[in-house]
Amino acid sequence: MSLLLAVDTSGALVTVAAADGDSLLAEQAVELAARHAEHLAPMIAAVLVEAGRAIDEVSAVAVGVGPGPFTGLRVGVVTARVLGLVLGVPVIGVCSLDALALQVAEWGEGSAGSAAGAGDLAAGREFVVTSDARRREVYWAAYRTGDGEPEPVRGPGVDRPADLASAAARDGLGQKGFGPFFGRGAALYPEVLTAPPEGAPLDVRAGAVARLAGRRVARVGGSERARGQEPVPLYLRRPDAVAPGARKRVS
Amino acid sequence: MSLVLGIETSCDETGVALVRDGRLLIDAVASSVDEHARFGGVVPEVASRAHLEAMVPTIERACAGAGVRLADLDAIAVTSGPGLVGALTVGVAAAKALALGLGVPLFGVNHLAAHVAVDTLDHGPLPEPTMALLVSGGHSSLLLVEDVTSTVTPLGRTIDDAAGEAFDKIARLLGLPFPGGPHIDRAAAEAVAERGEGVRSAIAFPRGLTSGRDLERHRYDVSFSGLKTSVARWVERREDAGERVDVPAVAASFQEAVVDVLTRKAVLACREQGVDTLLIGGGVAANSRLRALALERCADSGIRLRVPRPALCTDNGAMVAALGSLLVAAGRAPSELGLGVDSAMPVTAVRS
């Protein structure tokens, strides 16, 4: 028996999941613009109760490392790192856009996606997932569909929607079907990027973070290999700070 | 027996400390001050990123240094305000992960009350009541402390710049590095050593809110904005006249104006409120002239002065662990796991 605890605070949702192997035991998500720090710890406790497991049964912690607004993003990352320390278990960082891309691919494979005409998600096609970067920009990353996990091909990056749209057009994305853009960023700027199809996932969920992390742990040959690799937030932007200019006169 | 781990991240110091039954076992601090120096002040996002990177290593360093395992902890205390939102958030999230992972109570505590509580580590229990003057880069407050675990009443505060902020701004004006306090203190001490005590009054800088109606209306408040402008004008006049600015004399006279006002107001509050113990805390309490003048004026008025050692005056985890330890000993209820940060947390709330 293993118990993977997954959290993501990179976007509009604070989300927590508990998984045992491929089996998702519990998942919760609340939509929050801010104050992620208040909600995450109680949600972890609630998800464990729902899963019928105790905190000391956790065998690995996974965390979405963004990109995302900094203050919220750090809540998930520091929580995961400290839980890893306290529980003595490995901590696995997953790009939050990778998790959202997995959700999109899974949706495309499902009946809901087929009904919505997710033809662009056929194997070998590229698509772009986006999230809200605020300041009239979006975080994005491009993926190629295949067997199972979508393969990252470009990004992650942060750009104005218009610049992302022209780069995507130049790279030959979005020429067929309903367009290649998914996620909250596309939903926010439908006039510049194409609006995501009805019912497609908009926000990353911890269950997808857990699925990706679980597969990666399995691939590298057990959780021990992941130990010691601290998950690092994908900030993608430098801090706002300017060195002071010349002194202003008071007289 | 209780072992409390305290976390402080309200500004640019990541502090983690362990206190067992009121005794400090270790105080581990990682500072990002060097990363802020070229900006002339603390950059919140730079501080927040540094807190995240320093958190786990600082917790590990504290535990290893004290020979304590995380599993031995009985409670976690963390600064939940006031301070920089992004910086506080890292500490609060880390503290909650510790409390959740270990199944121990969590205390979100007030940064200012923690600056008061830290002195119990050096000088034992606080007399009740105690008057506390807290002076740092972010705060200048005069507090009546009836019980540091429950009842703190603000009597006065700065109506503009904090005392430490004034030191930083004047240091920059004089071409001295950030943070300015130690450099101004040193320049002033050198001036006094070379030219005698008189250099402290070489330039007559103003003492805000100390006379007439200002004193009536702002009995225990302080103000450093007018002083700052006055120093800037003085320097500009010399520069415009093509004269050399006498930096040590300006530093000594400016510092004297700040510590004169602070000590005058603190002693006035003690006398009028009938309090016989004054505690000075916060980063500016490390200033040698503030300590000396406070000692002199307290002795004249029969007031006992308590000042923690300089390392405990600046922000650190020890102050938070000290207050956490006092809260545990007093049987105060812990905070909820839904604890949030409050960048403007009032000092009347010792615990959130």
Side-chain angles (χ1 to χ4, degrees), chain A residues 5 7 9 14 32 34-48 54-56 58 61 63 65 69-89 91 228 230-233 235 237-251, chain B residues 9 35-36 38-49 51-53 55-57 59-60 63 70-71 73 80 85-103 106 172-173 175 178 228-237 239-240 336-341:
Chain A
L5 177 71
V7 303
T9 58
V14 171
L32 287 174
R35 313 189 83 82
H36 297 67
E38 285 175 35
H39 292 81
L40 182 58
M43 280 178 68
I44 292 172
V47 160
L48 289 169
I55 187 99
D56 55 11
V58 170
V61 180
V63 58
V65 294
F70 307 152
T71 298
L73 178 58
R74 275 188 289 264
V75 170
V77 174
V78 79
T79 299
R81 286 186 186 181
V82 172
L83 278 177
L85 174 72
V86 174
L87 303 172
V89 299
V91 184
E230 289 272 270
V232 177
Y235 290 120
R237 286 178 179 143
R238 303 168 80 80
D240 285 332
V242 282
R247 206 174 85 212
K248 288 194 199 76
R249 287 186 63 97
V250 298
S251 51
Chain B
T9 63
E35 295 175 56
H36 305 287
R38 71 194 170 99
F39 300 111
V42 173
V43 181
E45 177 59 20
V46 171
S48 299
R49 291 185 184 192
H51 285 309
L52 174 64
E53 297 317 317
M55 184 55 65
V56 165
I59 294 171
E60 287 181 313
C63 289
L70 285 171
L73 299 178
S80 55
V85 176
L88 288 166
T89 299
V90 176
V92 167
K96 290 164 83 162
L98 280 172
L100 181 68
L102 296 167
L106 169 73
R172 196 176 153 228
L173 178 78
F178 171 86
K228 185 184 67 189
T229 306
S230 175
V231 176
R233 281 186 207 280
W234 192 93
V235 168
E236 283 168 11
R237 276 199 301 274
E239 288 174 344
D240 291 349
E336 303 287 331
L337 203 52
L339 171 73
V341 306

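Just so we're on the same page: letters track the sequence lines, and every chain starts at 1. Side chains included, hydrogens not; waters and symmetry mates left out as well; all remaining heavy atoms used.
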Given a strict heavy-atom distance threshold of 4.5 Å, which part of [X] is in contact with chain A: side chain, backbone, both, or neither?
{"X": "B:R49", "result": "both"}
{"X": "B:E35", "result": "neither"}
{"X": "B:V235", "result": "side chain"}
{"X": "B:L88", "result": "neither"}
{"X": "B:E336", "result": "neither"}
{"X": "B:V43", "result": "side chain"}
{"X": "B:R233", "result": "both"}
{"X": "B:L70", "result": "side chain"}

Give the member of [options] that has the highest number of heavy-atom pairs under 4.5 Å with chain A.
{"options": "B:V92, B:L339, B:V46", "value": "B:L339"}
{"options": "B:A232, B:S48, B:A87", "value": "B:S48"}
{"options": "B:A99, B:A94, B:G40", "value": "B:A94"}

Under a 4.5 Å cut-off applied to non-hydrogen side-chain atoms, are [X] and [Y] in contact?
{"X": "B:E60", "Y": "A:L85", "result": "yes"}
{"X": "A:R249", "Y": "B:D240", "result": "yes"}
{"X": "B:L52", "Y": "A:R81", "result": "yes"}

Interatomic distance, [X] atom [atom1] to [Y] atom [atom2] [nearest 0.5 angstrom]:
{"X": "A:M43", "Y": "B:L337", "atom1": "CE", "atom2": "CG", "value": "12.0 Å"}
{"X": "B:T89", "Y": "A:L73", "atom1": "OG1", "atom2": "CG", "value": "12.5 Å"}
{"X": "A:K248", "Y": "B:L173", "atom1": "NZ", "atom2": "CG", "value": "13.0 Å"}

(Q) Counting only heavy atoms from other residues, nucleotides and ligands, does the tally under 6.0 Å from CZ of A:R35 exceed 12? (A) no
(message) Could you check whether atom CZ of A:R237 has more than 12 heavy atoms from other residues, nucleotides or ligands sitting under 6.0 Å from it?
(response) yes
Of A:T71, A:V250, A:V78, the largest count of non-hydrogen pairs under 4.5 angstrom with chain B goes to A:V250
B:K96 side chain vs A:H39 backbone, donor-acceptor pair below 3.5 Å:
no
- Without swapping roles, check the side chain of A:R74 against the backbone of B:G86 for a donor-acceptor pair under 3.5 Å. no
Nearest heavy-atom approach of B:G340 to A:E38 is CA-CG, 3.2 Å
Residues A:A41 and B:L100: closest non-hydrogen pair is O-CD2, 4.0 Å
Turns out that what part of A:I55 lies under 4.5 Å from chain B's heavy atoms comes down to side chain
